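Input: a single structure, listed below in C-alpha coordinates.
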2 protein chains.
Amino acid sequence: MNESAARDERHKARMQRKKALIDEKIAQAQNEYGLLLVHSGNGKGKSSSAFGMVARALGHGIKVGVVQFIKGAASTGEESFFRRFPEEVSYHVMGEGFTWETQDRQRDIDKAGAAWAVARQLLNDPQIGLVVLDELNIALKHGYLELDAVLADIEARPLLQHVVVTGRGALPGMLEAADTVTEMNLVKHAFKAGVKAQKGIEF
Amino acid sequence: MNESAARDERHKARMQRKKALIDEKIAQAQNEYGLLLVHSGNGKGKSSSAFGMVARALGHGIKVGVVQFIKGAASTGEESFFRRFPEEVSYHVMGEGFTWETQDRQRDIDKAGAAWAVARQLLNDPQIGLVVLDELNIALKHGYLELDAVLADIEARPLLQHVVVTGRGALPGMLEAADTVTEMNLVKHAFKAGVKAQKGIEF
(Lines give C-alpha, C1' and ligand atoms only; values in the text may rest on other atoms or scores of the structure.)
Protein backbone atom coordinates (compact mmCIF):
# COMPACT_ATOMS: atom_id res chain seq x y z
CA MET A 1 0.00 0.00 0.00
CA ASN A 2 1.43 3.42 -0.83
CA GLU A 3 1.71 6.09 1.79
CA SER A 4 -1.22 8.21 0.69
CA ALA A 5 -3.61 5.25 0.46
CA ALA A 6 -2.48 4.11 3.89
CA ARG A 7 -3.15 7.57 5.27
CA ASP A 8 -6.60 7.57 3.72
CA GLU A 9 -7.38 4.19 5.22
CA ARG A 10 -6.16 5.30 8.61
CA HIS A 11 -8.25 8.42 8.38
CA LYS A 12 -11.27 6.33 7.41
CA ALA A 13 -10.73 3.95 10.33
CA ARG A 14 -10.45 6.91 12.66
CA MET A 15 -13.59 8.52 11.34
CA GLN A 16 -15.48 5.23 11.63
CA ARG A 17 -14.29 4.91 15.18
CA LYS A 18 -15.30 8.50 15.88
CA LYS A 19 -18.76 7.89 14.47
CA ALA A 20 -19.10 4.73 16.53
CA LEU A 21 -18.01 6.74 19.55
CA ILE A 22 -20.64 9.37 18.96
CA ASP A 23 -23.37 6.79 18.44
CA GLU A 24 -22.29 4.98 21.56
CA LYS A 25 -22.11 8.23 23.50
CA ILE A 26 -25.70 8.99 22.65
CA ALA A 27 -26.67 5.50 23.74
CA GLN A 28 -24.74 5.63 26.97
CA ALA A 29 -25.22 9.32 27.61
CA GLN A 30 -21.69 9.49 28.87
CA ASN A 31 -18.32 9.98 27.28
CA GLU A 32 -16.57 6.79 28.30
CA TYR A 33 -14.40 4.90 25.86
CA GLY A 34 -11.24 2.90 25.66
CA LEU A 35 -8.07 4.95 25.68
CA LEU A 36 -4.83 4.47 23.82
CA LEU A 37 -2.00 5.19 26.24
CA VAL A 38 1.62 5.41 25.19
CA HIS A 39 4.53 5.09 27.64
CA SER A 40 7.74 6.34 26.15
CA GLY A 41 11.01 7.89 27.32
CA ASN A 42 14.31 6.46 28.52
CA GLY A 43 13.27 5.70 32.12
CA LYS A 44 12.50 2.36 33.76
CA GLY A 45 8.79 2.77 34.47
CA LYS A 46 7.30 2.25 31.00
CA SER A 47 6.55 -1.45 31.27
CA SER A 48 6.08 -1.62 35.02
CA SER A 49 3.50 1.15 34.84
CA ALA A 50 1.63 -0.87 32.21
CA PHE A 51 1.76 -3.91 34.49
CA GLY A 52 0.49 -1.80 37.38
CA MET A 53 -2.50 -1.01 35.17
CA VAL A 54 -2.94 -4.74 34.60
CA ALA A 55 -3.23 -5.21 38.37
CA ARG A 56 -5.65 -2.29 38.55
CA ALA A 57 -7.81 -3.69 35.76
CA LEU A 58 -7.88 -7.15 37.37
CA GLY A 59 -8.98 -5.50 40.60
CA HIS A 60 -11.98 -4.15 38.70
CA GLY A 61 -12.77 -7.57 37.21
CA ILE A 62 -11.56 -6.47 33.76
CA LYS A 63 -9.89 -9.14 31.61
CA VAL A 64 -6.47 -8.35 30.21
CA GLY A 65 -4.36 -9.34 27.22
CA VAL A 66 -0.58 -8.91 27.15
CA VAL A 67 1.77 -9.26 24.20
CA GLN A 68 5.46 -8.76 24.86
CA PHE A 69 7.08 -7.91 21.55
CA ILE A 70 10.62 -8.33 22.83
CA LYS A 71 11.27 -11.46 24.81
CA GLY A 72 13.46 -10.74 27.77
CA ALA A 73 12.90 -6.99 27.59
CA ALA A 74 10.22 -7.08 30.25
CA SER A 75 10.34 -8.71 33.60
CA THR A 76 10.25 -12.45 34.01
CA GLY A 77 8.77 -11.65 37.44
CA GLU A 78 5.74 -9.97 35.93
CA GLU A 79 5.26 -12.81 33.50
CA SER A 80 5.37 -15.52 36.12
CA PHE A 81 3.08 -13.55 38.41
CA PHE A 82 0.37 -12.76 35.86
CA ARG A 83 0.48 -16.27 34.43
CA ARG A 84 -1.04 -17.33 37.75
CA PHE A 85 -4.37 -16.01 36.42
CA PRO A 86 -4.93 -17.71 33.07
CA GLU A 87 -8.67 -17.04 33.22
CA GLU A 88 -8.10 -13.34 33.63
CA VAL A 89 -4.87 -12.63 31.76
CA SER A 90 -4.06 -13.84 28.26
CA TYR A 91 -0.26 -13.58 28.32
CA HIS A 92 1.93 -13.92 25.22
CA VAL A 93 5.68 -13.55 25.02
CA MET A 94 6.69 -13.21 21.39
CA GLY A 95 9.68 -11.93 19.48
CA GLU A 96 12.08 -14.57 20.68
CA GLY A 97 15.33 -14.51 18.83
CA PHE A 98 15.08 -11.22 16.98
CA THR A 99 18.29 -10.72 15.11
CA TRP A 100 17.78 -6.95 15.09
CA GLU A 101 19.56 -5.12 12.40
CA THR A 102 22.37 -7.59 12.20
CA GLN A 103 21.42 -10.71 10.34
CA ASP A 104 18.15 -11.89 8.91
CA ARG A 105 15.78 -9.00 8.59
CA GLN A 106 13.04 -10.94 6.83
CA ARG A 107 13.00 -13.49 9.64
CA ASP A 108 12.58 -10.68 12.17
CA ILE A 109 9.75 -9.17 10.16
CA ASP A 110 8.02 -12.56 10.05
CA LYS A 111 8.35 -12.97 13.81
CA ALA A 112 7.00 -9.48 14.45
CA GLY A 113 4.12 -10.25 12.10
CA ALA A 114 3.32 -13.39 14.07
CA ALA A 115 3.34 -11.34 17.29
CA TRP A 116 1.01 -8.81 15.71
CA ALA A 117 -1.38 -11.58 14.67
CA VAL A 118 -1.71 -12.47 18.36
CA ALA A 119 -2.18 -8.81 19.25
CA ARG A 120 -4.94 -8.51 16.63
CA GLN A 121 -6.86 -11.37 18.22
CA LEU A 122 -6.79 -9.54 21.55
CA LEU A 123 -7.75 -6.28 19.84
CA ASN A 124 -10.74 -8.07 18.30
CA ASP A 125 -11.98 -9.53 21.57
CA PRO A 126 -14.63 -7.41 23.31
CA GLN A 127 -14.27 -9.57 26.43
CA ILE A 128 -10.82 -8.08 26.95
CA GLY A 129 -10.88 -4.64 28.52
CA LEU A 130 -7.16 -3.86 28.50
CA VAL A 131 -4.47 -4.85 26.01
CA VAL A 132 -0.80 -4.25 26.83
CA LEU A 133 1.49 -4.13 23.80
CA ASP A 134 4.82 -4.17 25.57
CA GLU A 135 7.80 -2.83 23.60
CA LEU A 136 5.69 -2.49 20.47
CA ASN A 137 7.40 0.85 19.84
CA ILE A 138 10.71 -0.96 19.38
CA ALA A 139 9.33 -3.28 16.71
CA LEU A 140 7.83 -0.27 14.93
CA LYS A 141 11.03 1.74 15.19
CA HIS A 142 12.95 -1.08 13.51
CA GLY A 143 10.36 -1.20 10.75
CA TYR A 144 9.39 -4.80 11.56
CA LEU A 145 5.73 -3.77 11.53
CA GLU A 146 3.96 -1.15 9.45
CA LEU A 147 2.70 1.71 11.60
CA ASP A 148 -0.42 2.40 9.55
CA ALA A 149 -1.60 -1.20 9.68
CA VAL A 150 -0.91 -1.35 13.42
CA LEU A 151 -2.81 1.88 14.08
CA ALA A 152 -5.73 0.76 11.91
CA ASP A 153 -6.05 -2.43 13.98
CA ILE A 154 -5.78 -0.48 17.22
CA GLU A 155 -8.39 2.00 16.07
CA ALA A 156 -10.78 -0.77 15.01
CA ARG A 157 -10.78 -2.33 18.50
CA PRO A 158 -13.89 -2.64 20.69
CA LEU A 159 -15.12 0.72 21.86
CA LEU A 160 -14.44 0.28 25.56
CA GLN A 161 -11.11 -1.51 25.27
CA HIS A 162 -8.02 0.27 26.61
CA VAL A 163 -4.62 -0.20 24.98
CA VAL A 164 -1.23 0.55 26.49
CA VAL A 165 1.77 0.70 24.16
CA THR A 166 5.24 0.83 25.69
CA GLY A 167 8.77 1.25 24.44
CA ARG A 168 11.23 4.00 23.86
CA GLY A 169 11.38 5.84 20.56
CA ALA A 170 7.62 5.98 19.91
CA LEU A 171 7.02 7.04 16.30
CA PRO A 172 5.34 10.43 15.76
CA GLY A 173 2.26 8.73 14.27
CA MET A 174 1.86 6.65 17.45
CA LEU A 175 2.08 9.75 19.64
CA GLU A 176 -0.44 11.49 17.42
CA ALA A 177 -2.90 8.60 17.69
CA ALA A 178 -2.53 8.33 21.49
CA ASP A 179 -5.04 9.74 23.95
CA THR A 180 -2.40 9.95 26.64
CA VAL A 181 1.38 10.01 26.33
CA THR A 182 3.58 9.69 29.40
CA GLU A 183 7.31 10.04 29.23
CA MET A 184 9.30 8.19 31.85
CA ASN A 185 12.62 9.96 32.21
CA LEU A 186 15.54 8.71 34.17
CA VAL A 187 16.83 11.46 36.41
CA LYS A 188 19.28 9.45 38.51
CA HIS A 189 20.26 5.82 38.29
CA ALA A 190 21.98 3.55 40.77
CA PHE A 191 23.54 1.49 38.00
CA LYS A 192 25.67 4.40 37.03
CA ALA A 193 27.17 4.06 40.47
CA GLY A 194 28.05 0.45 39.74
CA VAL A 195 25.19 -1.39 41.40
CA LYS A 196 24.11 -4.43 39.44
CA ALA A 197 20.55 -5.12 38.23
CA GLN A 198 18.33 -6.34 41.03
CA LYS A 199 15.90 -9.23 40.83
CA GLY A 200 12.39 -8.02 41.60
CA ILE A 201 13.20 -4.46 40.67
CA GLU A 202 14.88 -4.41 37.31
CA PHE A 203 13.84 -7.75 35.83
CA MET B 1 15.76 18.02 67.06
CA ASN B 2 17.47 20.99 65.43
CA GLU B 3 18.45 20.92 61.80
CA SER B 4 22.15 20.38 62.26
CA ALA B 5 21.69 17.52 64.73
CA ALA B 6 19.20 15.94 62.34
CA ARG B 7 21.71 16.21 59.51
CA ASP B 8 24.38 14.61 61.67
CA GLU B 9 22.08 11.77 62.59
CA ARG B 10 21.14 11.23 58.97
CA HIS B 11 24.77 11.23 57.98
CA LYS B 12 25.52 8.73 60.72
CA ALA B 13 22.68 6.45 59.60
CA ARG B 14 23.94 6.65 56.04
CA MET B 15 27.48 5.87 57.03
CA GLN B 16 26.34 2.93 59.14
CA ARG B 17 24.35 1.67 56.20
CA LYS B 18 27.33 2.12 53.93
CA LYS B 19 29.56 0.20 56.32
CA ALA B 20 27.00 -2.60 56.56
CA LEU B 21 26.88 -2.62 52.78
CA ILE B 22 30.59 -2.97 52.46
CA ASP B 23 30.73 -5.74 55.05
CA GLU B 24 27.89 -7.52 53.33
CA LYS B 25 29.54 -7.05 49.94
CA ILE B 26 32.65 -8.75 51.14
CA ALA B 27 30.54 -11.60 52.51
CA GLN B 28 28.46 -11.95 49.36
CA ALA B 29 31.23 -11.08 46.94
CA GLN B 30 28.68 -9.18 44.89
CA ASN B 31 27.24 -5.71 45.00
CA GLU B 32 23.57 -6.48 45.52
CA TYR B 33 21.49 -4.44 47.91
CA GLY B 34 18.09 -2.94 48.35
CA LEU B 35 17.49 0.19 46.33
CA LEU B 36 15.56 3.34 47.16
CA LEU B 37 13.58 4.30 44.07
CA VAL B 38 11.68 7.57 43.80
CA HIS B 39 8.91 8.15 41.26
CA SER B 40 8.15 11.81 40.85
CA GLY B 41 6.81 14.16 38.16
CA ASN B 42 3.33 15.22 37.10
CA GLY B 43 2.49 12.15 34.97
CA LYS B 44 0.17 9.25 35.75
CA GLY B 45 2.65 6.39 35.97
CA LYS B 46 4.17 7.03 39.41
CA SER B 47 1.96 4.74 41.44
CA SER B 48 1.12 2.26 38.70
CA SER B 49 4.79 1.72 38.03
CA ALA B 50 5.28 0.98 41.72
CA PHE B 51 2.41 -1.51 41.57
CA GLY B 52 3.94 -3.10 38.49
CA MET B 53 7.03 -3.67 40.62
CA VAL B 54 4.81 -5.27 43.25
CA ALA B 55 3.63 -7.77 40.61
CA ARG B 56 7.23 -8.34 39.52
CA ALA B 57 8.40 -8.92 43.09
CA LEU B 58 5.54 -11.36 43.76
CA GLY B 59 6.53 -13.23 40.61
CA HIS B 60 9.94 -13.72 42.17
CA GLY B 61 8.44 -14.93 45.44
CA ILE B 62 9.38 -11.70 47.23
CA LYS B 63 6.99 -10.47 49.95
CA VAL B 64 5.74 -6.92 49.67
CA GLY B 65 4.48 -4.19 51.98
CA VAL B 66 2.38 -1.27 50.76
CA VAL B 67 1.42 1.89 52.62
CA GLN B 68 -0.79 4.37 50.83
CA PHE B 69 -0.33 7.71 52.53
CA ILE B 70 -3.25 9.34 50.77
CA LYS B 71 -6.44 7.37 50.77
CA GLY B 72 -8.16 7.60 47.44
CA ALA B 73 -5.06 8.93 45.66
CA ALA B 74 -4.13 5.49 44.35
CA SER B 75 -6.30 3.02 42.58
CA THR B 76 -9.02 1.12 44.33
CA GLY B 77 -8.44 -1.49 41.61
CA GLU B 78 -4.87 -2.10 42.70
CA GLU B 79 -5.92 -2.31 46.31
CA SER B 80 -8.64 -4.87 45.72
CA PHE B 81 -6.38 -6.90 43.46
CA PHE B 82 -3.38 -7.07 45.77
CA ARG B 83 -5.56 -7.73 48.81
CA ARG B 84 -6.23 -11.10 47.21
CA PHE B 85 -2.79 -12.17 48.43
CA PRO B 86 -2.73 -11.45 52.17
CA GLU B 87 0.13 -13.91 52.72
CA GLU B 88 2.30 -12.13 50.18
CA VAL B 89 1.23 -8.49 50.37
CA SER B 90 0.82 -6.49 53.57
CA TYR B 91 -1.47 -3.70 52.33
CA HIS B 92 -2.27 -0.58 54.35
CA VAL B 93 -4.37 2.37 53.30
CA MET B 94 -3.78 5.24 55.68
CA GLY B 95 -4.29 8.96 55.65
CA GLU B 96 -8.05 8.87 55.55
CA GLY B 97 -9.55 12.23 56.07
CA PHE B 98 -6.56 14.49 55.74
CA THR B 99 -7.75 18.04 56.06
CA TRP B 100 -4.75 19.33 54.13
CA GLU B 101 -3.86 22.89 54.73
CA THR B 102 -7.38 23.89 55.50
CA GLN B 103 -8.44 22.94 58.96
CA ASP B 104 -6.81 20.87 61.63
CA ARG B 105 -3.11 20.59 60.93
CA GLN B 106 -2.27 18.78 64.16
CA ARG B 107 -4.83 16.10 63.36
CA ASP B 108 -3.24 15.61 59.93
CA ILE B 109 0.21 15.34 61.45
CA ASP B 110 -1.06 12.72 63.89
CA LYS B 111 -2.59 10.70 61.07
CA ALA B 112 0.57 10.89 59.00
CA GLY B 113 2.53 9.80 62.05
CA ALA B 114 0.26 6.78 62.47
CA ALA B 115 0.82 5.92 58.79
CA TRP B 116 4.56 6.22 59.27
CA ALA B 117 4.42 3.89 62.29
CA VAL B 118 2.99 1.23 59.96
CA ALA B 119 5.65 1.98 57.36
CA ARG B 120 8.36 1.59 60.00
CA GLN B 121 7.13 -1.88 60.86
CA LEU B 122 7.48 -2.87 57.22
CA LEU B 123 10.89 -1.21 57.03
CA ASN B 124 11.95 -3.26 60.04
CA ASP B 125 10.82 -6.60 58.64
CA PRO B 126 13.56 -8.51 56.81
CA GLN B 127 10.93 -10.92 55.47
CA ILE B 128 9.62 -8.09 53.28
CA GLY B 129 11.70 -7.52 50.17
CA LEU B 130 9.85 -4.54 48.72
CA VAL B 131 8.08 -1.67 50.48
CA VAL B 132 5.92 0.75 48.50
CA LEU B 133 5.37 4.12 50.18
CA ASP B 134 2.69 5.49 47.90
CA GLU B 135 2.27 9.28 47.90
CA LEU B 136 4.73 9.66 50.75
CA ASN B 137 6.18 12.67 48.94
CA ILE B 138 2.88 14.50 49.38
CA ALA B 139 2.85 13.98 53.14
CA LEU B 140 6.45 15.19 53.29
CA LYS B 141 5.75 18.20 51.11
CA HIS B 142 2.97 19.28 53.45
CA GLY B 143 5.30 18.90 56.40
CA TYR B 144 3.14 16.21 58.01
CA LEU B 145 6.25 14.07 58.46
CA GLU B 146 9.83 15.08 59.15
CA LEU B 147 12.09 14.25 56.23
CA ASP B 148 15.14 13.44 58.30
CA ALA B 149 13.31 10.98 60.53
CA VAL B 150 11.74 9.34 57.48
CA LEU B 151 15.08 9.01 55.70
CA ALA B 152 16.76 7.66 58.80
CA ASP B 153 14.13 4.89 59.04
CA ILE B 154 14.46 4.13 55.34
CA GLU B 155 18.22 3.98 55.57
CA ALA B 156 18.08 1.69 58.59
CA ARG B 157 16.02 -0.93 56.71
CA PRO B 158 17.21 -4.49 56.03
CA LEU B 159 20.08 -4.55 53.57
CA LEU B 160 18.31 -6.31 50.73
CA GLN B 161 14.96 -4.53 51.05
CA HIS B 162 13.87 -2.31 48.16
CA VAL B 163 11.78 0.80 48.78
CA VAL B 164 9.71 2.72 46.24
CA VAL B 165 8.53 6.21 47.17
CA THR B 166 5.96 7.89 44.95
CA GLY B 167 4.32 11.27 44.71
CA ARG B 168 4.86 14.56 42.98
CA GLY B 169 6.96 17.26 44.55
CA ALA B 170 9.67 15.01 45.99
CA LEU B 171 11.81 17.02 48.41
CA PRO B 172 15.45 17.59 47.42
CA GLY B 173 16.65 15.47 50.35
CA MET B 174 14.55 12.55 49.12
CA LEU B 175 16.01 12.83 45.63
CA GLU B 176 19.48 13.00 47.12
CA ALA B 177 18.93 9.85 49.17
CA ALA B 178 17.47 7.91 46.23
CA ASP B 179 19.42 5.38 44.20
CA THR B 180 17.12 5.87 41.22
CA VAL B 181 14.81 8.76 40.41
CA THR B 182 12.32 8.48 37.58
CA GLU B 183 10.21 11.41 36.48
CA MET B 184 6.89 10.57 34.91
CA ASN B 185 5.92 13.50 32.72
CA LEU B 186 2.60 13.96 31.06
CA VAL B 187 3.11 14.83 27.43
CA LYS B 188 -0.49 14.55 26.23
CA HIS B 189 -3.65 13.80 28.14
CA ALA B 190 -7.06 12.64 26.97
CA PHE B 191 -8.79 14.42 29.86
CA LYS B 192 -7.83 17.72 28.40
CA ALA B 193 -9.97 16.71 25.45
CA GLY B 194 -12.91 16.21 27.81
CA VAL B 195 -12.81 12.44 28.32
CA LYS B 196 -13.76 11.45 31.83
CA ALA B 197 -11.60 9.31 34.13
CA GLN B 198 -11.81 5.64 33.19
CA LYS B 199 -12.22 2.78 35.64
CA GLY B 200 -9.31 0.38 35.31
CA ILE B 201 -7.04 3.01 33.86
CA GLU B 202 -7.17 6.07 36.02
CA PHE B 203 -8.48 4.69 39.30
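In what follows, chains carry the letters A, B, and so on, assigned in the order in which the sequence lines appear, proteins first and then strands, with residues in each chain numbered from 1. All values reported here derive from a predicted model rather than from experimental measurement.
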Would you mind writing out the side-chain donor-acceptor pairs for residues 121-133 of chain B within the sub-3.5 Å range, not counting sequence neighbours?
residue  : atom : partner  : partner atom : Å
B:Asn124 : ND2  : B:Arg120 : O            : 3.1
B:Asp125 : OD1  : B:Gln127 : N            : 2.8

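Using cut-offs of 30° and 60° for the angle between ring planes, the A:Phe85 and B:Phe81 rings count as perpendicular.
Between chain B and the options A:Lys46, A:Arg83, A:His39, A:Arg84, heavy-atom pairs under 4.5 Å are most frequent for A:Arg84. Among B:Gly45, B:Gly61, B:Ser48, the residue with the largest count of heavy-atom pairs under 4.5 Å with chain A is B:Ser48. Most heavy-atom pairs under 4.5 Å with chain A, from the set B:Ser40, B:Ser49, B:Gly59: that is B:Ser49.
Only the backbone of A:Leu175 comes within contact range of chain B, with heavy atoms under 4.5 Å apart.
With A:Thr166 contributing its side chain and A:Glu135 its backbone, the two residues share a donor-acceptor pair below 3.5 Å.
Within the 4.5 Å cutoff, the side chain of A:Thr180 has no heavy atoms near those of the A:Val38 side chain.
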